[in-house]
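The structure under discussion appears below in the form of structure tokens.
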Amino acid sequence: MELGNQIQIASSSGSTDVVSISSLIGLQTRSNFYHVKDGLISLLRNCLELEARQNSSVTILSGYVDHFQSLPSVDVGWGCGWRNIQMLSSHLLAHRKEARKVLFGESGFVPDIAFLQRWLEIAWESGFDPPGAQHFNCKIYGTNHRIGTTECASLFRLFGLRARVVDFGPKESELLYLSVPGSTLGQPVKQRNAVRVSGPMDKYVHRQQGLNKGRHFCHSLHNGKSDNSKGNCEGPQVLIDWVWNYFSDKGLTISGSSQVVVSDRAPLYFQHDGHSRTIIGIQVKHQKNGTNQFNLLILDPSDVSTTHVIPFVGTVVLERSLKTNVGWQKLIKRGVHTLKKPQYQLCYIDPGIASGEELNELKTINSIFYEL
């Protein structure tokens with residue numbers, strides 16, 4: 001009731017004040033999730049290292065990430081976006097000291113969905129992503145509205161985190177976007193233009209004048225060839241190459257048994273029409289015929305087990321499969337052939353905390369487009 005009163009006061013005033021934010025910080029509660037004792041990434045790394053002994057593969061993983069699963073009677077069917085934000089938050093709190101000092105009022109934990117909703121409202125009230133705020137009429141607390149990548153970016157940008165958005169799709173969709181997954185695919189909206197960005201991903205997302213979009217991602221790992229039927233520079237392989245470049249930002253030196261590398265890059269919020277997931281790494285297998293087979297490594301906040309009455313059963317099944325090294329591939333790996341949607345969108349978070357004029361610039365979310 002106290003939280004509700006604070007939200008009502010802040011909403012009726014039409015602005016966010018220090019008192020309401022302070023109250024929110026003090027009232028927010030830790031999100032409930034199944035904690036994997038040894039950590040999912042550690043268990044996954046063990047399985048990948050065993051697998052690498054049987055084939056010629058290289059895998060890059062993000063660091064520690066908790067799996068936040070949609071729960072029966074709580075958020076099944078609409079909560080995937082919030083669960084992905086929670087997964088990204090768990091990584092940031094564990095790996096980035098600067099993020100831990102600012103996220104969620106320095107609480108040190110991942111809040112539940114209700115408080116994430118309030119933080120997003122505060123971001124809108126503070127001027128972040130006016131088009132998104134207008135779409136939801138600045139109200140999302142207590143609702144089951146689906147959110148997308150720009151809502152994820154707005155929430156993290158509120159705390160000064162450099163959250164960036166990248167679009168992948170056919171040429172004709174350049175003026176369209178997937179920010180609100182509940183909307184019709186291809187709904188015309190105000191175009192989000194490419195702008196100057198700062199951070200280690202500049203060389204991948206900053207579109208240069210006269211450069212054919214997407215084709216600067218083309219590369220041949222270890223002199224191999226892509227297994228994509230459209231060629232190395234076309235279709236979903238553009239997205240795959242971008243993800244590989246993201247996790248291997250400063251390049252990799254593979255020697256001895258280091259075929260599984262933990263990167264310092266944060267996980268990726270991975271959106272397509274109707275659902276979103278979290279990319280925690282990428283694997284490339286070098287085939288005997290000289291081609292490369294890529295697999296995205298993904299944590300899905302929802303699966304068939306979410307219809308079960310027992311909470312967290314999906315995470316428990318995932319933990320068991322990793323510990324026994326049986327069946328985890330079908331739960332985590334997603335090959336290029338599974339990327340059948342016409343459009344995709346990613347949100348990634350560069351290191352550092354913005355302030356001053358840069359923080360003010362972050363209030364406008366610009367989606368960088370690459371042609372699939």
Side-chain angles (χ1 to χ4, degrees), residues 78-89 92 103 113 116-141 143-169 173-197 199 201 205-207 239 242 246 266-279 301 341-350 354 358-370:
W78 60 270
C80 56
W82 301 108
R83 298 303 182 183
N84 291 314
I85 289 174
Q86 290 176 327
M87 285 192 260
L88 265 64
S89 298
L92 295 169
L103 269 177
I113 290 178
L116 291 180
Q117 289 178 327
R118 183 60 189 116
W119 282 119
L120 179 56
E121 287 187 346
I122 290 175
W124 288 337
E125 293 164 7
S126 301
F128 289 87
D129 192 23
Q134 182 180 14
H135 176 88
F136 289 101
N137 196 27
C138 294
K139 306 292 182 184
I140 203 163
Y141 172 76
T143 72
N144 59 358
H145 293 321
R146 297 181 181 183
I147 61 167
T149 313
T150 54
E151 285 69 53
C152 171
S154 297
L155 194 152
F156 283 122
R157 287 184 177 198
L158 171 67
F159 302 103
L161 296 179
R162 295 169 173 141
R164 319 287 189 192
V165 178
V166 185
D167 275 298
F168 300 86
S173 71
E174 187 170 3
L175 299 181
L176 314 173
Y177 83 129
L178 296 175
S179 300
V180 184
S183 62
T184 302
L185 190 64
Q187 176 183 354
V189 296
K190 180 180 179 181
Q191 182 179 7
R192 301 175 185 273
N193 297 317
V195 296
R196 175 179 56 84
V197 295
M201 285 302 293
V205 303
H206 186 49
R207 186 167 58 196
L239 188 153
W242 192 98
Y246 171 81
L268 294 164
Y269 187 113
F270 182 39
Q271 178 78 48
H272 59 76
D273 186 41
H275 190 42
S276 60
R277 296 166 287 173
T278 298
I279 299 175
K341 296 289 184 178
Q343 294 173 301
Y344 291 93
Q345 196 172 54
L346 297 174
C347 179
Y348 68 95
I349 302 175
D350 271 334
E358 182 187 359
L359 182 61
N360 189 58
E361 290 177 356
L362 288 178
K363 292 183 177 181
T364 300
I365 299 180
N366 296 279
S367 175
I368 312 300
F369 179 84
Y370 289 102

pair [X]-[Y]: side-chain heavy atoms closer than 4.5 Å:
X: Y269; Y: I349; result: no
X: W82; Y: L155; result: yes
X: C138; Y: E125; result: no
X: L103; Y: L161; result: yes
X: I140; Y: W124; result: yes
X: Q117; Y: H145; result: no

task = Fit a plane to each ring of Y246 and W242, take the angle between them on a 0 to 90° scale, and name the class: parallel (under 30°), tilted (30 to 60°) or perpendicular (over 60°).
result = parallel

ask   = Should the pair F159 and W119 be assigned to parallel (<30°), tilted (30 to 60°) or perpendicular (>60°) ring geometry?
value = perpendicular

ask   = Would R162 and E361 count as a salt bridge (Lys or Arg N to Asp or Glu O under 4.0 Å) if you check the C-alpha gap in whole Å, the side-chain angles of each, and the deciding distance to 0.1 Å?
value = CA-CA 11 Å; R162 295 169 173 141; E361 290 177 356; over 6 Å; no

request  = Please lay out, stage by stage, how K341 and D273 fare under the test salt bridge (Lys or Arg N to Asp or Glu O under 4.0 Å).
outcome  = CA-CA 8 Å; K341 296 289 184 178; D273 186 41; 5.4 Å; no

To the nearest 0.5 Å, what is the distance between [atom1] on [X] and [atom2] on [Y]?
X: W78; Y: T143; atom1: CH2; atom2: OG1; value: 6.5 Å
X: L362; Y: D129; atom1: CG; atom2: CG; value: 12.0 Å
X: T149; Y: I365; atom1: OG1; atom2: CD1; value: 9.5 Å
X: L346; Y: I279; atom1: CG; atom2: CD1; value: 5.5 Å
X: S154; Y: I122; atom1: OG; atom2: CD1; value: 13.5 Å

query = Partners of R83 by side-chain hydrogen bond (donor to acceptor under 3.5 Å, both in side chains), sequence neighbours excluded?
reply = D75, Q86

